[in-house]
Amino acid sequence: MNKRSNFKVGFQLVGLVKPLTGYMILAITMGLLGHLCATFIPVLGGAALLQVLGLYPMRLSHIFVLAAVLAVLRGALHYGEQACNHYIAFKLLALIRDKVFGALRRLCPAKLEGRDRGDLISVITSDIELLEVFYAHTLSPIAIAALMSLVMCLFLASFHWVYALLGLAAYLIVGVGVPLVVSRKSAGLGASFRAGSGALSSFVLESLRGLSEIMQYGQGPARLDEMDRRGRELAQNERSMKLKAGTGSAVTNTIILVLDLIVLFAGIGLYLAGAVDYAGVILPVFALMSSFGPVIALANLGSGLQNTFAAGNRVLDILEESPETEEIEGRELCTYSGAEVKNLTFTYDKEVILENVSAHFPENTVIGITGKSGSGKSTLLKLLMRFWQTQSGEVLVSGRNINDINTADLRVMQSYVTQETHLFHDSIANNLRVANPNATQQDLEEACKKAAVHDFILSLPKGYDTPVGELGGTLSGGERQRLGLARAFLHDAPMMLLDEPTSNLDSLNEAVILRSIEQARQDRTVVLVSHRASTMALADQVYSVEHGRLS
């Protein structure tokens with residue numbers, strides 16, 4: 001995770017508000033006017049007291065009417081401010097989620113391989129949700145507190161400049177000094193809490209997915225103990241943050257009381273010196289006592305914002321991370337006419353995966369790739385898909401360097417079936433239509449017949465409308481694999497990249513699949529990765545990968 005200061009995180013988060021600047025200005029304006037209304041109601045109370053004593057010229061009825069008007073305005077303005085702030089917050093949360101999903105799409109698959117899924121889910125859900133505190137309860141309150149302090153200092157100065165100086169000092173201590181001290185005392189707690197929360201989410205997700213294995217080997221109590229331990233650590237972390245927040249609140253209230261007394265004694269001193277009259281003592285003291293609301297809101301942010309800034313930092317990490325391969329667009333349209341790799345070398349974490357590899361993949365052929373596990377077979381397919389960036393040598397499709405082909409064109413030209421087919425928690429039909437959203441029922445059935453899965457689907461209670469569990473958990477590995485092949489046939493791309501397409505199939509289903517692949521070669525290139533001799537017998541040419549080299 002990048003180490004950004006809270007100031008930098010806040011500045012970057014503020015930059016996201018630009019599309020909603022008008023609403024933010026409106027919220028600040030209504031918030032300022034609302035707090036001024038709330039502040040001057042007690043001031044009018046002081047004026048009424050002075051009028052009763054014959055020390056203030058304004059009529060009592062006028063004072064009560066004006067106080068009633070300010071009270072009504074305060075309610076309306078506060079509602080409007082909160083409505084604007086929450087509209088800004090929830091609108092921005094939607095925009096940020098859109099940006100995050102867009103960033104994840106750009107990072108996928110290279111930068112997301114091996115990434116902690118539970119932690120990503122925590123960022124997408126709770127971390128982004130936590131930014132609502134920043135946008136709804138931080139941005140405009142800071143601006144309101146600053147403007148409110150300026151207006152009140154001018155008001156206090158109209159009685160005597162000493163009041164203005166004392167007011168300015170009071171606002172700075174409560175609105176700036178206290179939050180900074182509390183923030184420094186809480187430094188690191190927020191980041192630790194967010195990281196721990198993400199790790200706990202990942203642990204729970206992993207436990208749910210491996211529930212069968214956990215039960216089989218009697219590891220349930222151990223996993224529960226670990227979950228409890230992590231939960232206790234998080235609770236302790238949160239308790240520390242709340243303790244510091246409570247301490248900060250108590251200190252703030254004590255400071256305000258002391259400052260009010262100082263202003264009161266200063267007013268008495270000015271009165272005794274003949275610098276102000278009775279109104280010059282009562283009204284400024286009432287005004288200062290009732291004007292701390294906006295700066296108290298800032299004082300209370302010191303501890304809570306640590307958690308928010310930590311969440312913002314994690315979100316910004318995703319938004320700013322550079323993808324392994326950039327999306328390419330704006331190039332000349334490309335249609336498929338064969339592919340090849342020339343002198344290709346690829347390393348991952350300083351480990352050489354492929355070294356000086358060359359291979360040709362003509363149209364209307366089946367090219368086999370075999371080799372031991374970990375020899376680089378799957379990596380070669382990913383380089384053909386441009387999931388990874390080539391480091392030395394080149395990958396050519398239709399005679400053009402793959403880095404000069406629109407990403408959208410490349411996806412149209414290729415179908416990729418991995419060893420583990422991912423199925424969504426949806427119907428079989430909708431899972432198949434991932435490969436072709438416009439496919440008709442007849443298209444689905446033809447693709448499934450080629451993948452030897454049509455009869456199985458018809459045997460299900462709802463046929464093609466049968467829902468599959470999360471990650472296809474209600475189906476066997478072979479059934480998921482055949483649905484993955486059906487997707488590839490449905491996509492109908494001129495180049496099919498099949499990574500161990502028959503590894504989970506029995507000999508009967510393997511024969512059906514191979515027959516379909518044999519038919520597919522008539523109008524497309526099939527690149528077939530497998531360790532099975534029976535599968536490789538179908539290939540027109542077989543490349544063997546050993547220690548990153550092709551032979």
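Keep in mind the model is a prediction, meaning the values are calculated, not measured.
- By the 4.5 Å heavy-atom criterion applied to side chains, Arg386 and Trp388 are not counted as neighbours.
- Side-chain contact between Thr390 and Leu344: present, with at least one pair of heavy atoms (C-beta onward) separated by less than 4.5 Å.
- Note: Ser337 OG to Met413 CE = 8.5 Å, rounded to the nearest 0.5 Å.
- Atom OG of Ser392 and atom CG of Asn356 lie 7.5 Å apart (nearest 0.5 Å).
- Residue Phe90 holds its CZ atom at 13.5 Å from CG of Leu95, rounded to the nearest 0.5 Å.
- Heavy atoms only, all atoms of each residue included: Thr525 and Glu363 are closest at OG1-CA, 3.3 Å.
- To the nearest 0.5 Å, the span separating CD on Glu329 from CG on Asp409 amounts to 11.0 Å.
- Side-chain contact between Met495 and Val526 is absent, with no heavy-atom pair separated by less than 4.5 Å.
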| message | side-chain contact (heavy atoms from CB on, under 4.5 Å) for Val100 and Val315? Distances and angles first, verdict last. | response | CA-CA 8 Å; Val100 167; Val315 171; 4.0 Å; yes
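- Distance alone, capped at 3.5 Å, is enough to place a donor-acceptor pair between the His425 side chain and the Val468 backbone.
- The shortest heavy-atom contact between Ala486 and Ala447 is O-CB, 3.5 Å.
- Atom CG in Asp225 sits 12.5 Å away from atom CZ in Arg230 (nearest 0.5 Å).
- Using a 4.5 Å cut-off on side-chain heavy atoms (C-beta onward), Thr440 and Leu444 make no contact.
- Heavy-atom minimum distance, Arg331 versus Asn403: NH2-O, 4.2 Å.
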| request: Assess whether side-chain contact (heavy atoms from CB on, under 4.5 Å) is satisfied between Val395 and Leu384, documenting all intermediate values. | output: CA-CA 7 Å; Val395 177; Leu384 286 167; 3.8 Å; yes
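- Taking 4.5 Å as the limit, some side-chain heavy atom of Leu483 sits within range of a side-chain heavy atom of Leu432.
- Contact detail for Leu410 and Val397: the closest heavy-atom pair is CD1-CG2, 4.3 Å.
- Within the 4.5 Å cutoff, no side-chain heavy atoms of Leu490 are placed close to those of Glu446.
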| request: Show the numbers, then the answer: is there a side-chain contact (heavy atoms from CB on, under 4.5 Å) between Ile367 and Leu528? | output: CA-CA 6 Å; Ile367 303 299; Leu528 190 57; over 6 Å; no
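- Distance alone, capped at 3.5 Å, is enough to place a donor-acceptor pair between the Arg411 side chain and the Met385 backbone.
- Using a 4.5 Å cut-off on side-chain heavy atoms (C-beta onward), Leu354 and Thr379 make contact.
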| said: Assess the residue pair Ile88 and Met24 against the criterion (side-chain contact (heavy atoms from CB on, under 4.5 Å)); give the C-alpha distance rounded to whole Å, side-chain angles, the decisive distance to 0.1 Å, and a yes or no. | reply: CA-CA 7 Å; Ile88 292 168; Met24 181 59 70; 3.8 Å; yes
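- Side-chain atoms of Ser140 and Asn85 include a donor-acceptor pair closer than 3.5 Å.
- Inspection of the Asn431 and Arg487 side chains reveals an N or O donor paired with an N or O acceptor under 3.5 Å.
- You'll find the side chain of Leu20 reaches within 4.5 Å of the side chain of Lys91, heavy atoms only.
- Considering only residues two or more places apart in sequence or on other chains, Glu327 meets the salt bridge (charged side-chain N to carboxylate O under 4.0 Å, His left out) condition with Arg105.
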Name every donor-acceptor pair, under 3.5 Å, that has one atom in a side chain of residues 450-463 and the other anywhere in the protein, sequence neighbours excluded.
from   : atom 1 : to     : atom 2 : distance (Å)
His454 : ND1    : Tyr464 : OH     : 2.7
Ser459 : OG     : Phe456 : O      : 2.5

| task | Evaluate salt bridge (Lys or Arg N to Asp or Glu O under 4.0 Å) for Glu226 paired with Arg223, printing each intermediate quantity in order. | result | CA-CA 5 Å; Glu226 176 64 13; Arg223 298 291 290 193; over 6 Å; no
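- Distance check, rounded to the nearest 0.5 Å: CG of Asn430 to CG of Leu423 gives 12.0 Å.
- Judged by distance alone, the side chain of Thr370 and the main-chain N or O of Ser530 form a donor-acceptor pair under 3.5 Å.
- Side chains of Asn406 and Glu332: no donor on one and acceptor on the other come within 3.5 Å.
- Using a 3.5 Å distance cut-off with no hydrogens or angles, the side chains of Asp499 and Ser378 do pair a donor with an acceptor.
- The residues Glu233 and Arg229 are annotated as salt-bridged, a charged nitrogen and a carboxylate oxygen being separated by less than 4.0 angstrom.
- Looking only at atom types and distance, the side chain of Gln414 has no donor-acceptor partner in the side chain of Tyr416 under 3.5 Å away.
- Nearest heavy atoms, Arg433 versus Gln441: NH2-N, 4.1 Å.
- Side chain of His491 to backbone of Ser415: no donor-acceptor contact under 3.5 angstrom is found.
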